[in-house]
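Read through the structure below, which is laid out as structure tokens, and then see the notes.
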Amino acid sequence: MSSLDTRARAVFSAAVEAVQPDTVVRRSLERHGDKLLVGGQSFTLTNNLYLVGFGKAVLGMAAEAERIVGDHLIKGVVSVPHGIQNTLRNHGKAKMLLESHSRITVMEGAKHNLPDRDALKSAECIRELASGLTEKDVLLVLISGGGSALLPAPAPPMSLQEKQDVTRKLAAAGATIQDLNTVRRALSLLKGGGLAQCANTAKVVALILSDVIGDPLDLIASGPTVRSDSRPEEVWAILDRYKLSDSLPSSVKEVLSKAGPCELQVQEQPHEVKDHVSNVVIGSNTIALECASRKAIELGLRPVILAPGVCGDVRSVARLYGLLSSFACSPGKEPPPELAAEILQLGPDVGIESWDLCRTMNVLVEERKEGWGATCLLAGGEPTVQLTGKGRGGRNQELALRVGLELSGGEVKSGAVFLSGGTDGQDGPTEAAGAVTDGELMEEAMSQGLDIDGFLTNNDSFTFFSQLSEGRRLLMPGLTGTNVMDVHVMLLPPSPQTLPVI
Ligand SMILES: Nc1ncnc2c1ncn2[C@@H]1O[C@H](COP(=O)(O)OP(=O)(O)OP(=O)(O)O)[C@@H](O)[C@H]1O
Ligand SMILES: O=C(O)[C@H](O)CO
């Protein structure tokens with residue numbers, strides 16, 4: 001494997017390192033004596049600090065927050081995924097666990113990422129803690145991806161089962177996270193600003209590790225500290241779109257026929273959520289890409305960040321990377337003129353603005369002229385896979401495989417190396433985070449008797465990469481304890497190094 005492969009992996013590691021739960025909390029929470037500085041505000045600590053958290057990464061965030069605030073923390077409750085403490089221990093991530101004398105209670109729940117009775121109990125404890133606070137108190141709220149399932153509080157008279165059925169059907173019908181969480185907010189007592197309302201007049205500071213494209217505060221974990229502005233008509237429109245309106249249980253219809261749980265609470269309460277709440281995004285795909293970019297410079301590469309919001313079908317995303325590689329590496333002084341038009345045409349399908357594509361192409365053109373050396377193109381987001389087969393894989397491995405085909409095909413075999421990895425360390429239901437590919441992929445597979453098309457048809461990318469060259473192309477960082485979606489790294493050698501196909 002080329003040294004570009006090693007460098008691509010190092011750049012990915014730097015991206016993940018930048019958004020580790022303890023790192024992001026340390027970067028955003030500063031304590032000077034009895035002053036706590038966070039999000040540009042200062043709070044006086046007088047043994048008046050409380051902490052709640054929900055999400056896949058909040059255990060490590062809570063451990064670090066407690067190390068920083070020390071004895072000022074009176075009490076905390078975090079709702080975390082079932083089995084996470086054991087998993088972290090077994091993966092050598094003990095620093096993400098709480099000390100034995102911690103004042104924070106850890107509650108595990110939401111098996112298989114679904115709200116369950118355990119998560120309901122955790123949500124109730126969190127609600128109780130927040131409801132007991134007064135204006136002297138500060139409530140630190142730690143939020144990360146997976147938070148919606150870990151904080152279920154169905155608005156009465158709906159049962160947990162009824163609420164779960166609605167969200168499960170929406171997800172199965174292919175609803176986006178925007179649609180899903182808009183509905184979740186309308187059906188919950190704590191989402192859509194409900195938690196902040198519960199905290200009365202206490203000061204609320206939410207530290208958010210974003211796992212949603214564009215970092216929309218009201219959607220990450222369904223925005224429990226962000227007042228929801230969505231109207232019942234919007235919620236009905238979503239349910240109509242997925243043909244669920246007619247089959248809803250009467251309790252759900254009753255909740256939706258009111259103005260929405262959140263709005264009801266606002267009328268009952270004398271204060272506004274916005275007056276006493278601040279929301280701070282402390283970790284995101286953008287932050288991961290910026291740190292990755294600094295690592296690239298250290299490794300002698302010239303970085304360019306394409307966009308942190310790549311989405312759409314992996315086929316279109318793979319095509320885009322194939323075209324960008326040809327644009328950067330094709331022989332000759334200038335890239336073939338038709339490539340730019342084709343790249344721009346793909347923009348809307350993959351969630352990338354023309355402006356970002358043009359800016360990136362400009363950098364690639366400059367580098368061709370200057371002969372600077374290898375370029376490190378960085379992007380992030382969450383593409384999707386249309387599952388048609390029954391194999392084992394994930395969107396990152398499938399993307400890497402498809403990009404490998406792009407780089408291997410065509411008249412000129414690209415010298416580029418492409419990596420796609422999930423920052424949580426787990427791509428779909430597999431042990432890998434993703435994979436690394438290049439223009440040699442097709443030949444390598446053929447020489448080992450592996451039929452790439454067959455694996456792709458069966459969505460079997462993990463099996464493919466496990467069998468190919470003893471799994472050397474797999475990306476296996478292990479569970480990372482964080483999640484800011486996926487990171488893509490494409491290392492592009494300067495055009496003279498491009499290998500002609502013989
Ligand atoms: N065999 C497969 N091949 C390709 N993609 C798959 C396969 N099986 C599942 N997936 C994809 O994996 C995704 C689910 O995996 P994963 O749990 O990593 O994603 P997630 O929803 O982003 O969760 P998280 O937010 O925790 O990362 C879905 O997008 C699904 O389409
Ligand atoms: O918990 C959730 O709602 C998703 O992970 C998005 O933040």
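Ligands are counted one by one from 1 in listed order, and the atoms in each one are counted from 1 as well. Model, not experiment: these values are computed from the prediction.
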Taking 4.0 angstrom as the limit, do [X] and [Y] come out as a salt bridge?
X: E234; Y: R231; answer: yes
X: E398; Y: R402; answer: yes
X: D165; Y: K169; answer: no
X: E124; Y: R127; answer: yes
X: K56; Y: D424; answer: no
X: D179; Y: R241; answer: yes
X: R473; Y: D438; answer: yes

Discussion item. Considering both backbone and side-chain atoms of R392, is one of its nitrogen or oxygen atoms within less than 3.5 Å of a nitrogen or oxygen in ligand 1?
Written reply: no

Discussion item. Under 4.0 Å from atom 6 (C) of ligand 1, can you find at least one protein heavy atom?
Written reply: yes

Worksheet item: Hey, is atom 27 (O) of ligand 1 under 4.0 Å from any protein heavy atom?
Response: yes

Worksheet item: For atom CD of E233, is the number of surrounding heavy atoms from other residues, nucleotides or ligands below 6.0 Å larger than 12?
Response: yes

Discussion item. Please determine whether the number of non-hydrogen atoms from other residues, nucleotides or ligands lying under 6.0 Å from atom CZ of R26 exceeds 12.
Written reply: yes

Of all the non-hydrogen atoms in the protein, which one sits nearest to [atom], and at what distance?
atom: atom 30 (C) of ligand 1; result: L387 CD1, 4.6 Å
atom: atom 6 (C) of ligand 2; result: D211 OD1, 3.2 Å
atom: atom 25 (O) of ligand 1; result: N483 ND2, 3.3 Å
atom: atom 1 (N) of ligand 1; result: N459 O, 2.9 Å
atom: atom 23 (O) of ligand 1; result: K56 NZ, 4.1 Å
atom: atom 18 (O) of ligand 1; result: G428 N, 3.1 Å
atom: atom 31 (O) of ligand 1; result: V385 O, 4.0 Å
atom: atom 2 (C) of ligand 2; result: S148 OG, 3.3 Å

Numbering the atoms of ligand 2 from 1, which are under 4.0 Å from a heavy atom of [X]?
X: I220; result: 7 (O)
X: R184; result: 3 (O)
X: V212; result: 6 (C), 7 (O)
X: G145; result: 5 (O)

For ligand 2, find out whether one of its N or O atoms is nearer than 3.5 Å to an N or O atom of [X].
X: A221; result: yes
X: G147; result: yes
X: G146; result: yes

Discussion item. Could you check whether any heavy atom of K56 sits closer than 4.0 Å to an atom of ligand 2, since that is the contact criterion I want to use?
Written reply: no

Item to complete: Can you figure out which of Q386, M485, R395 has its heavy atom closest to atom 20 (P) of ligand 1?
Response: R395

Item to complete: Determine, considering heavy atoms only, which of G394, S461, P429 sits nearest to atom 9 (C) of ligand 1.
Response: P429

Which of the atoms of ligand 1 are close to [X], meaning less than 4.0 Å from one of its heavy atoms?
X: E382; answer: 22 (O)
X: E398; answer: 3 (N), 4 (C)
X: G391; answer: 1 (N)
X: Q426; answer: 18 (O)

Modelled atom types, side-chain donor and acceptor of [X] and [Y], under 3.5 Å:
X: Q85; Y: E108; result: yes
X: S228; Y: D218; result: no
X: E66; Y: S102; result: yes

Response to the item:
Checking heavy atoms under 4.0 Å, the part of L180 that sits near ligand 2 is neither

Worksheet item: For S316, does its backbone N or O pair with a side-chain atom of D349 as donor and acceptor, under 3.5 Å?
Response: no

Worksheet item: Quick one: does N483's side chain have a donor or acceptor within less than 3.5 Å of a partner on D211's backbone?
Response: no

Discussion item. Pair R392, E431 - check salt bridge (Lys or Arg N to Asp or Glu O under 4.0 Å), show working.
Written reply: CA-CA 10 Å; R392 286 186 75 200; E431 295 95 76; 2.8 Å; yes

Item to complete: Specify side chain, backbone, both or neither for D424, according to which of its non-hydrogen atoms lie closer than 4.0 Å to ligand 1.
Response: side chain

Fill in: side-chain contact (heavy atoms from CB on, under 4.5 Å) partner of L289, the single match among V11, V489, L378, V484
L378

Discussion item. Yes or no: does K390 have any heavy atom under 4.0 Å from an atom of ligand 1?
Written reply: no

